[in-house]
Every structure is written in structure tokens, then in C-alpha cells.
> 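Let me begin by handing over the structure; questions about it come next.
Note: hydrogens, waters and symmetry copies are ignored here, and every other heavy atom, side chains too, is used. Model, not experiment: these values are computed from the prediction.
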Amino acid sequence: QVQLVESGGGLVQPGGSLRLSCVASGLTFTTTAMAWFRRAPGKEREFVAAINWGGVSTYYADPVNGRFTISRDNAKNTVYLQMNRVKPEDTAVYYCAAGRSSSYYPGAVDYGMHYWGKGTLVTVSS
């Protein structure tokens with residue numbers, strides 16, 4: 001059974017930084033693409049960032065490009081989202097997602113992700 005457990009959410013001031021983590025189990029992490037999505041209050045879930053199996057290829061949504069960085073540690077079965085220069089509009093529940101292949105697919109539903117964590121809340125406020 002695939003399990004994705006996010007952590008690292010919390011309250012952060014505008015302009016600050018936060019790092020989210022997601023530990024995966026029940027899958028072959030080293031050959032699986034991973035991603036982060038978010039759902040802001042009253043809005044649909046949206047894509048944030050994705051990373052391929054080896055961490056060489058990454059992809060970002062325009063609103064976070066240049067501020068957020070996705071990375072992974074295959075030895076720890078963990079994917080990270082480093083959030084810098086956060087804004088109030090980054091407030092959302094952030095979800096970790098895993099695919100069924102080694103890459104992500106921007107043209108596919110949910111970028112090809114199939115498994116989801118329960119989410120961690122990030123609140124950006126002064």
C-alpha cells in the first residue's frame with residue numbers, strides 16, 4: 001500500500017521560507033516521479049512542482065517558478081519543497097503526489113500522478 005506523509009507546514013510571514021517534506025513508502029521510490037500540488041481556500045487543487053525519478057528534470061507552475069525548489073533524496077525516500085519569498089497567496093494545503101512511472105507528464109491529468117498524501121497546511125500571514 002502506497003503511503004505519502006507530508007510534514008513541515010505551518011505559519012510563516014510574507015517573504016519568509018519554509019521547507020516541506022514528504023516520505024514515501026509502499027512504492028519503488030527510486031524509479032517514481034513525484035510532485036507537489038496545493039489547494040487554496042475556496043479554490044481548485046493546482047499543480048505546484050514535479051520532479052523525475054533521478055531529480056535531473058523538474059517543472060514548476062508559473063506562480064512559484066523562481067521562488068520554490070523541488071528536490072528529492074532517494075536514499076531517504078523523501079521529496080522536498082523549499083518555499084522561499086512566500087506570499088499570502090501561497091496559503092494552501094500542500095499535497096505530495098507520486099506517479100506510476102519515472103517521469104511526469106505536463107499534458108496529462110494531474111501530471112500523471114496517481115497517489116496522494118493527506119496534505120500539510122501552509123499559512124502565509126503577518
> Go through Val79 and Ile51 one step at a time and tell me if the side chain to side chain contact (heavy atoms under 4.5 Å, CB included) criterion holds.
CA-CA 9 Å; Val79 63; Ile51 189 166; 4.2 Å; yes

> Please confirm whether the ring centroid of Phe37 lies under 6.0 Å from the ring centroid of Tyr95.
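Between Phe37 and Tyr95, the centre distance exceeds or equals 6.0 Å.
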
> Taking the side chain as C-beta and beyond, is there a heavy-atom pair between Asn77 and Ser25 under 4.5 Å?
no

> According to a hydrophobic-cluster definition based on side-chain heavy atoms being under 4.5 Å apart (Ile, Leu, Val, Met, Phe, Trp, Tyr only), do Val12 and Val64 belong together?
yes

> If you round to the nearest 0.5 Å, how far is OG1 of Thr69 from CG of Asn84?
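Taking CG in Asn84 and OG1 in Thr69, the distance rounds to 6.5 Å.
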
> Which atom pairs, one a donor and one an acceptor, fall under 3.5 Å between side chains of residues 117-124 and the rest of the protein, sequence neighbours left out?
residue: Thr120; atom: OG1; partner: Gly9; partner atom: N; Å: 3.2

> Apply side chain to side chain donor-acceptor pair (under 3.5 Å) to the pair Ser57 and Tyr104, showing each step before the final yes or no.
CA-CA 9 Å; Ser57 177; Tyr104 53 84; 2.6 Å; yes

> Is the shortest side-chain heavy-atom distance between Trp116 and Glu6 below 4.5 Å?
no

> With distance as the sole test, does Arg38 use its side chain to make a donor-acceptor pair with the main-chain N or O of Val93 at under 3.5 Å?
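Checking the backbone N and O of Val93 against the side chain of Arg38, no donor-acceptor pair under 3.5 Å is found.
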
> Can you tell me which residue among Tyr111, Tyr60, Phe68, Tyr94 is in a ring pair (Phe, Tyr, Trp, His ring centres under 6.0 Å) with Phe47?
Tyr111

> Looking only at heavy atoms, which two atoms of Lys43 and Arg39 are closest? And how far apart?
O-CG, 3.3 Å

> Just by modelled atom types, is the Glu89 backbone N or O under 3.5 Å from a matching donor or acceptor in the Thr91 side chain?
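Looks like no, no N/O pair under 3.5 Å.
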
> Honestly curious: do Ile70 and Val48 fall in one hydrophobic cluster under the side-chain, below-4.5 Å linking rule?
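Yes, same cluster.
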
> Please say whether more than 12 non-hydrogen atoms of neighbouring residues, nucleotides or ligands are located less than 6.0 Å from CZ in Phe29.
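Yes, because the 6.0 Å sphere around CZ of Phe29 holds more than 12 heavy atoms from other groups.
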
> Taking Leu81 as the starting point, is it possible to reach Tyr115 by hopping between hydrophobic residues whose side chains are less than 4.5 Å apart?
yes

> Hey, does the side chain of Asn52 reach the backbone of Val56 with a donor-acceptor pair shorter than 3.5 angstrom?
yes

> Start with the C-alpha gap between Ser125 and Gln13, add the side-chain angles, then the distance that decides, and say whether side chain to side chain contact (heavy atoms under 4.5 Å, CB included) holds.
CA-CA 5 Å; Ser125 175; Gln13 292 188 342; over 6 Å; no

> Does Met83 reach the side chain of Ser17, with side-chain heavy atoms less than 4.5 Å apart?
no

> Any side-chain to backbone donor/acceptor pair from Ser101 onto Ser103? Under 3.5 Å, distance only.
yes

> Answer yes or no: is there a donor N or O on one side and an acceptor on the other, between the side chain of Arg72 and the main chain of Trp53, under 3.5 Å?
yes

> Quick one: does Cys22's side chain get under 4.5 Å of Trp36's, heavy atoms only?
yes

> Examine distances only and state if a side-chain atom of Asp110 and a backbone atom of Gly112 form a donor-acceptor pair shorter than 3.5 Å.
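No, Asp110 side chain to Gly112 backbone: no donor-acceptor pair under 3.5 Å.
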
> For a quick test of reading the model, state the closest non-hydrogen atom pair linking Thr32 to Ala98 and the distance between them.
CG2-CB, 4.1 Å

> Hey, any chance Leu20 and Leu4 share a hydrophobic cluster, counting ILVMFWY side chains that come within less than 4.5 Å of each other, even indirectly?
yes

> Establish whether Leu27 and Met113 are linked, either directly or via other cluster members, by ILVMFWY side-chain heavy-atom contacts under 4.5 Å.
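Shared cluster, no.
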
> Under a 4.5 Å cut-off applied to non-hydrogen side-chain atoms, are Arg67 and Lys87 in contact?
yes

> Name all residues meeting the salt bridge (charged side-chain N to carboxylate O under 4.0 Å, His left out) criterion together with Arg19; count only those two or more places apart in sequence or in a different chain, and write none if there are none.
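Salt bridge (charged side-chain N to carboxylate O under 4.0 Å, His left out) check on Arg19 returns nothing, list empty.
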
